[in-house]
Amino acid sequence: MESLNRMAIELVDEALEYAEELNIGGYDLENEASVLDFGLEFDGGIEAGLLLTEIQTAGMATPSHRLGEIGDAPIPFVELSTDQPALSLLCSQKAGWEVMTEDFEGLGSGPARALVAEEEEFHRVGYTDAFDLTALAVETDQDPTEAAAEHVADLAEVETSGVFLLAYPTASLVGSVTNAARTAELATFRLSELGYDPLDVVSATGRAPVAPVAEDEQTAIARTNDAIAYGGTAHLTVREDADVFDSVPSTAAEGHGRPFGEIFDDLEWEFSEVPSDLFAPAKVTVDVIGGPTYVHGETDEELLVESFDL
């Protein structure tokens with residue numbers, strides 16, 4: 001298999017070449033690591049969000065957008081499809097790297113994770129990457145620091161000059177777009193967590209509304225999670241039948257039916273305390289090749305109208 005990081009770096013080069021058109025910026029830190037600003041000081045946009053999604057999935061997924069409606073309001077929706085869900089979604093796009101130093105904190109996703117390959121997903125899929133350049137998308141409201149870049153370089157075993165940090169806050173247009181693009185990933189991850197072999201997921205497609213950009217990070221985090229758990233729909237094509245498909249959508253979770261803002265408030269924003277089965281699309285179709293097709297879950301447009309303040 002081709003290196004996920006090599007494919008992603010080609011897209012990073014594209015982002016740098018068209019930075020002005022994408023409303024993003026780029027600069028080097030003193031230790032020669034590179035930062036791409038997708039929404040901290042720059043506005044970013046839908047196209048920037050779609051390109052960042054391509055980088056997060058190492059170019060092995062196709063994101064697109066179109067206009068839909070929530071309530072009576074026209075709202076953009078993002079759709080993502082991939083025929084390599086185990087690699088592009090679980091081994092690359094998944095937000096599984098907590099970047100924490102004394103002067104920085106953020107949540108990392110993208111192919112840099114595959115150079116470390118310590119998360120359970122990599123054992124299930126059997127993939128580890130090796131490359132001398134790497135890209136990590138970091139969801140944060142802080143400017144990446146040299147210490148953060150060195151942390152990534154050390155774990156990924158690359159030089160700091162080979163590290164590209166792509167930073168964006170949740171409360172940005174890029175944040176809303178890239179989070180909506182996680183619908184297929186969360187469906188695939190949830191199925192994997194239920195014991196299903198991710199290599200038996202042949203194809204995955206997900207779609208969710210782009211949450212209106214909030215004025216603060218907490219509201220943005222709540223809205224982008226609501227967008228998937230109550231407005232996200234997914235389709236998975238799989239090889240083998242199983243009795244766990246009804247547990248994939250968020251509607252199967254005990255705490256389903258409440259906005260994430262309320263859930264987070266009750267748990268004092270301790271993310272680790274949120275039941276993991278809530279992080280899933282609202283409605284999922286599982287199509288077994290040569291077998292039955294299952295449809296489970298339902299969307300909740302009324303809750304989204306409230307969450308999005310429409």
Side-chain angles (χ1 to χ4, degrees), residues 46 49 53 63-81 89 93-95 107 139 170-173 175-191 193-194 204-236 245-267 269 271 273-286 294-310:
I46 288 180
T53 298
S64 60
H65 72 97
R66 70 173 182 82
L67 201 61
E69 286 193 353
I70 298 294
D72 295 327
I75 292 286
F77 279 70
V78 169
E79 183 170 302
L80 178 142
S81 296
L89 306 182
Q93 187 188 25
K94 180 177 175 286
L107 183 59
E139 195 167 0
T170 314
S172 67
L173 190 48
S176 290
V177 169
T178 57
N179 277 294
R182 293 188 178 280
T183 308
E185 173 225 313
L186 290 175
T188 305
F189 175 70
R190 178 67 185 142
L191 187 56
E193 287 289 282
L194 290 166
T205 298
R207 175 178 178 269
V210 176
V213 179
E215 64 181 356
D216 61 81
E217 285 293 280
Q218 287 190 340
T219 303
I221 291 169
R223 281 183 176 178
T224 53
N225 278 289
D226 286 339
I228 295 177
Y230 297 101
T233 54
H235 180 280
L236 305 177
F245 299 144
D246 60 343
S247 296
V248 174
S250 62
T251 50
E254 184 176 345
H256 185 269
R258 301 174 63 208
F260 268 86
E262 291 183 8
I263 296 171
F264 287 138
D265 281 342
D266 286 350
L267 297 174
W269 290 83
F271 295 100
E273 298 298 319
V274 181
S276 60
D277 50 1
L278 283 170
F279 297 104
K283 190 172 185 177
V284 179
T285 295
V286 182
Y294 301 91
V295 183
H296 297 291
E298 60 182 354
T299 59
D300 188 339
E301 193 168 299
E302 184 177 336
L303 187 147
L304 287 180
V305 168
E306 177 184 353
S307 174
F308 290 1
D309 195 22
L310 299 176

_Distance, nearest 0.5 Å, that separates CZ of Phe308 from OG1 of Thr219_ = 12.5 Å
*Does CD belonging to Glu262 count more than 12 external heavy atoms closer than 6.0 Å?*
yes
*How are the rings of Tyr230 and Phe260 set relative to one another: parallel (under 30°), tilted (30 to 60°) or perpendicular (over 60°)?*
perpendicular
*To the nearest 0.5 Å, what is the distance between OG1 (Thr53) and CD (Glu185)?*
10.5 Å
*Are the side chain of Glu301 and the backbone N or O of Gly71 linked by a donor-acceptor pair below 3.5 Å?*
yes
*Tell me, with the steps shown, if Phe189 and Leu89 meet side-chain contact (heavy atoms from CB on, under 4.5 Å).*
CA-CA 8 Å; Phe189 175 70; Leu89 306 182; over 6 Å; no
*Evaluation steps, side-chain contact (heavy atoms from CB on, under 4.5 Å), between His296 and Thr251*: CA-CA 8 Å; His296 297 291; Thr251 50; 5.9 Å; no
*Has the side chain of Arg207 got a donor or acceptor atom that lies under 3.5 Å from a matching backbone atom of Phe77?*
no
*Look only at the side chain of Glu79 and the backbone of Arg66, and say whether a donor-acceptor pair between them is shorter than 3.5 Å.*
no
*asked:* Contact between Phe264 and Gln218 at the side-chain level, heavy atoms closer than 4.5 Å - yes or no?
replied: no
*Spatial distance of atom CG (Asn179) from atom CG (Leu186) [nearest 0.5 Å]*: 9.0 Å
*Please report the shortest heavy-atom distance between Gly255 and Leu278, naming the atom on each side.*
C-CD2, 3.8 Å
*Can Ile75 and Leu310 be said to form a side-chain contact (heavy atoms from CB on, under 4.5 Å), step by step?*
CA-CA 10 Å; Ile75 292 286; Leu310 299 176; 4.3 Å; yes
*Return the minimal non-hydrogen interatomic distance between Ala282 and Pro249, and the atom names on each side.*
O-CB, 3.5 Å
*Has the side chain of Glu139 got a donor or acceptor atom that lies under 3.5 Å from a matching backbone atom of Gly175?*
no
_Residue among Pro209, Ser176, Pro259, Pro212 satisfying side-chain contact (heavy atoms from CB on, under 4.5 Å) with Arg223_ = Pro212
*Using the side-chain contact (heavy atoms from CB on, under 4.5 Å) rule, take Ile46 and Val210 through it: C-alpha gap first, then chi angles, then the decisive distance, then the call.*
CA-CA 9 Å; Ile46 288 180; Val210 176; 5.8 Å; no
*Side chains of Leu236 and Phe245: closer than 4.5 Å at any heavy-atom pair?*
no
*Within the distance-only criterion (no hydrogens, no angle test), does the side chain of Thr183 pair as donor or acceptor with the backbone N or O of Ala180 below 3.5 angstrom?*
yes
_Looking at Glu298, I'd like to know if its CD atom is crowded, meaning that more than 12 non-hydrogen atoms belonging to other residues, nucleotides or ligands lie closer than 6.0 Å._
no
*Please name the pair of heavy atoms, one in Ser81 and one in Thr205, separated by the smallest distance, quoted to 0.1 Å.*
OG-OG1, 2.9 Å
_Using 0.5 Å steps for rounding, measure from the CG atom of Leu191 to the CG atom of Leu194._
6.5 Å
_Would you compute the distance between atom OG1 of Thr178 and atom CG of Leu80 and round it to the nearest 0.5 angstrom?_
11.5 Å
*Check Ala187 against Val248 and note the closest heavy-atom contact, atom names and distance.*
O-CG1, 3.9 Å
*If you look at every heavy atom in Asp216 and Ala171, which pair is closest and at what distance?*
O-CB, 3.8 Å
*Nearest-0.5 Å distance that lies between atom CG in Asp300 and atom NZ in Lys283*: 12.5 Å
*Closest approach of Pro76 to Leu67 (non-hydrogen atoms, all atoms of both residues)*: N-CD1, 3.8 Å
_Using only atom types and a distance under 3.5 Å, with no angle test, would you say the side chain of Thr224 pairs donor to acceptor with the backbone of Ala220?_
yes
